[in-house]
Visitor: 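To start, I am sharing the structure in question, which I have written as structure tokens.
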Amino acid sequence: MKFLKAIKIKPLDIIIILLLFLSSFSVFFLLANNQTGSLAQLRVNGQVIKDFDLNKNQTWTYKSSDGDYNEIQVKNHSIQVIKANCKDQIDVQRGAISKTGETIVCLPHKLVIEIISGKSNTGVDYQA
């Protein structure tokens, strides 16, 4: 208490300092991207193979001409790879994803599943 009296800090000063400190973390909450996407896109070698509506439960199998396969399940507004014949099984171990920007990647099969918002792109980029 002697320290507080020596520098003349009042109780209101402490409240203001705490409020400023807590408000400095509000940026993290405002910038956090926790949106649940409504579409998932399956790409192989960069080409879009299929779009999945995350509002409809379904199971679909991607099969390549090489015999590679990935069984994909959409359930409860999320998507996951439930079975694959790749050696590392990282895509299967990844589990279900549902938030915009999340991905599942199978490197041996060159397969990427990404959650997209489902909204049209209204950016400023223009292609003639």
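All heavy atoms count here, side chains included; hydrogens, waters and symmetry mates do not.
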Visitor: What about Phe52 and Ile82, same hydrophobic cluster or not, with Ile/Leu/Val/Met/Phe/Trp/Tyr joined at side-chain heavy-atom distances under 4.5 Å?
Guide: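 In one cluster with Phe52: Ile82, no.
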Visitor: Over all heavy atoms of both residues, which pair between Leu111 and Val44 is shortest? Give the atoms and the distance, please.
Guide: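 Smallest heavy-atom distance, with atoms named: CD1-CG2, 4.1 Å.
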Visitor: Does one hydrophobic cluster hold both Ile104 and Leu107, with members joined at side-chain heavy-atom distances below 4.5 Å?
Guide: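 Different hydrophobic clusters.
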Visitor: Could you tell me the separation between the CG atom of Leu39 and the CD1 atom of Ile116, rounded to the nearest 0.5 Å?
Guide: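 Reported to 0.5 Å precision, the distance equals 5.0 Å.
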Visitor: Could you list the donor-acceptor pairs under 3.5 angstrom formed by side chains in residues 56-67, with sequence neighbours left out?
Guide:
| from | atom 1 | to | atom 2 | distance (Å) |
| --- | --- | --- | --- | --- |
| Asn57 | OD1 | Asn76 | N | 3.2 |
| Ser64 | OG | Asp66 | N | 3.3 |
| Ser64 | OG | Asp68 | N | 3.2 |

Visitor: Nearest 0.5 angstrom please: Ile115 CD1 to Lys99 NZ, how far?
Guide: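 Result: 11.0 Å between the selected atoms.
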Visitor: Taking it one step at a time, do Leu54 and Ile79 satisfy side-chain contact (heavy atoms from CB on, under 4.5 Å)?
Guide: CA-CA 7 Å; Leu54 297 182; Ile79 189 167; 3.9 Å; yes
Visitor: State whether the side chain of Arg94 and the backbone N or O of Cys106 hold a donor-acceptor pair below 3.5 Å, judged by distance alone.
Guide: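 Side chain of Arg94 to backbone of Cys106, a donor-acceptor pair under 3.5 Å: no, none is there.
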Visitor: Do Tyr69 and Ile113 sit in the same hydrophobic cluster, where Ile, Leu, Val, Met, Phe, Trp and Tyr count as joined when their side-chain heavy atoms come under 4.5 Å apart?
Guide: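 Unlinked, Tyr69 and Ile113 end up in two clusters.
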Visitor: Tell me, do Asn55 and His77 make a side-chain contact under 4.5 Å, heavy atoms counted?
Guide: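 Asn55 reaches His77 side chain to side chain.
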Visitor: Would the distance check show the side chain of Asn70 and the main-chain N or O of Ala84 forming a donor-acceptor pair, the cut-off being under 3.5 Å?
Guide: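 Not confirmed, Asn70 side chain does not pair with Ala84 backbone.
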Visitor: Nearest 0.5 Å, what's the CD-CD distance between Gln80 and Glu71?
Guide: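 Gln80 atom CD to Glu71 atom CD measures 10.5 Å (nearest 0.5 Å).
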Visitor: Looking only at heavy atoms, what is the nearest atom pair of Glu102 and Ser98, with distance?
Guide: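 Minimum heavy-atom separation between Glu102 and Ser98: OE1-N, 3.0 Å.
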Visitor: For residues His109 and Cys86, determine if any side-chain heavy atom of one lies less than 4.5 Å from a side-chain heavy atom of the other.
Guide: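 Result yes, sub-4.5 Å side-chain heavy-atom pair found.
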Visitor: Are any side-chain N or O atoms of Asn45 and backbone N or O atoms of Gln47, one a donor and one an acceptor, separated by less than 3.5 Å?
Guide: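 No; judged by distance alone, with no hydrogens or angles, the pair does not exist.
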Visitor: Check for me, please, whether Leu42 and Ile90 land in the same ILVMFWY cluster - side-chain distances under 4.5 Å, paths through other members count.
Guide: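 Cluster IDs for Leu42 and Ile90 differ.
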